[in-house]
Amino acid sequence: MKLLFSLITLIFLFVNIVYSESLLSLKAFQYDVVGCNKQHSSGDSQGSFSGGGSFGSPEENKRLGSIDGGGVLPGSESSFESLCDNGELVSETYIRLDTCIVSTGETYSIDFDNGTIKKTSAAQCGEEGIVQWYKPFECNNDCLSSPYMYTIIEMDDIEIPKETYVEIQYHGECNNNGWKQNFDYIKFTPLNQCFANGLSSSFSLNCNTTMLELTQSDKFNCLVYKDLIYTDILNDCTGPAEKYINVCNK
């Protein structure tokens, strides 16, 4: 009886440890069209920003956000902090600390060291590479991508809202539920929202159970599309280590 009680206590403690695990949250926000365009204009003599192009009219910019034009103009007289505090969420990624992340065009690991977030990018995880340091809750905006912010959260804080496209990397056995205990990262992107893609274009996502629809526009309203790309939603279990699940979460 004492042995049974000890085993139950051990299991209870283990569950608590698992669910109190600290994670990293990476939030990306609506691109700072106004602020980055000002930097782009003032820096013309020193070369153009990547993704340069014509700056959209105010009416086009108002359509960023909801496809029906309900979004707000990002970057209007805003500080870096307000871009993240009040900005429209483009994506959120939950990342396990000290785990190999193989994302699109990038391999990296992230650790939390003495109150500072350390990101190491390399050709392969485990190798020495480029190290970048970030402060938690600090808004970063280099105009090369959307403003973003890292925070430290607990496992219980994970929330995946409806009307999102979800991408999961996990390790271990290939099965439908294995990722819940063994995920490396979980990323979600809202559906049917118009997001600026640099200074000259925008995009939005939609999906069903089998297909992802990517709308790309050379305008800021996502209504006049340049490309409409359909991709099968596939789960990849072929890798020896990292495995992937993609879900249309409606």
Side-chain angles (χ1 to χ4, degrees), residues 17-29 31 50 84 89-142 144-161 164-190 195 197 203 205 207 212 214 231 233-249:
I17 290 172
V18 169
Y19 283 93
S20 64
E21 177 184 350
S22 294
L23 304 169
L24 200 69
S25 166
L26 170 60
K27 291 183 178 180
F29 300 91
Y31 188 84
S50 61
C84 295
L89 186 68
V90 173
S91 67
E92 182 168 8
T93 307
Y94 301 112
I95 306 170
R96 263 208 167 97
L97 297 174
D98 200 23
T99 300
C100 183
I101 305 298
V102 183
S103 186
T104 305
E106 185 179 20
T107 300
Y108 63 93
S109 62
I110 291 184
D111 201 2
F112 190 54
D113 186 13
N114 293 324
T116 307
I117 295 163
K118 177 185 178 183
K119 178 181 178 181
T120 304
S121 302
Q124 296 182 5
C125 284
E127 296 182 353
E128 294 185 2
I130 300 173
V131 177
Q132 297 169 287
W133 300 90
Y134 300 93
K135 295 179 180 179
F137 301 100
E138 182 175 73
C139 191
N140 301 278
N141 184 29
D142 55 13
L144 299 177
S145 62
S146 297
Y148 59 93
M149 179 174 64
Y150 289 101
T151 57
I152 301 297
I153 65 169
E154 300 299 317
M155 184 76 75
D156 291 341
D157 296 327
I158 290 180
E159 294 183 4
I160 304 176
T164 56
Y165 182 66
V166 184
E167 303 165 76
I168 302 165
Q169 175 186 308
Y170 71 103
H171 61 277
E173 295 183 4
C174 179
N175 58 65
N176 290 332
N177 295 316
W179 65 269
K180 294 179 181 179
Q181 289 76 36
N182 303 316
F183 73 87
D184 301 323
Y185 75 80
I186 300 173
K187 176 182 179 180
F188 69 81
T189 305
F195 300 122
N197 187 23
F203 73 95
L205 295 180
C207 61
L212 174 67
L214 168 63
T231 306
I233 296 179
L234 301 174
N235 299 328
D236 185 0
C237 251
T238 60
E242 297 82 20
K243 299 173 177 63
Y244 301 91
I245 295 175
N246 301 298
V247 179
C248 182
N249 186 36

Colleague: Looking only at side-chain N and O atoms, does Thr107 offer a donor or acceptor that is under 3.5 Å from a partner on Gln124?
Modeller: no
Colleague: Out of Thr99, Thr120, Leu97, Ile101, which one pairs with Ile110 under the side-chain contact (heavy atoms from CB on, under 4.5 Å) rule?
Modeller: Leu97
Colleague: Do Asp184 and Trp179 have side-chain heavy atoms sitting under 4.5 Å apart?
Modeller: no
Colleague: Does Gly172 offer a backbone N or O that forms a donor-acceptor pair with the side chain of Lys243 under 3.5 Å?
Modeller: yes
Colleague: Please find the pair of heavy atoms, one from Tyr244 and one from Val102, that lie closest to each other, and give the distance.
Modeller: OH-O, 3.2 Å
Colleague: Does Asp111 use its side chain to pair, donor to acceptor, with the backbone of Ser109 at less than 3.5 Å?
Modeller: no
Colleague: Checking Ser146 side chain against Phe29 main chain: does a donor-acceptor pair fall under 3.5 Å?
Modeller: yes
Colleague: Check this for me: Lys187, atom NZ, are more than 12 non-hydrogen atoms of other residues, nucleotides or ligands nearer than 6.0 Å?
Modeller: no
Colleague: Check whether any side-chain N or O of Tyr94 sits under 3.5 Å from a backbone N or O of Glu159 as a donor-acceptor pair, and report yes or no.
Modeller: yes
Colleague: Is it true that a side-chain atom of Asn246 and a backbone atom of Leu234 form a donor plus acceptor pair closer than 3.5 Å?
Modeller: yes
Colleague: Hey, does the side chain of Asn249 reach the backbone of Pro161 with a donor-acceptor pair shorter than 3.5 angstrom?
Modeller: yes
Colleague: Kindly give the heavy-atom pair with the smallest separation between Pro190 and Phe195, and that separation in Å.
Modeller: O-CE1, 4.0 Å
Colleague: Could you tell me whether Arg96 sits above the aromatic face of Tyr185, with NZ or CZ closer than 6.0 angstrom to the six-membered ring centre and within 45 degrees of the axis?
Modeller: no
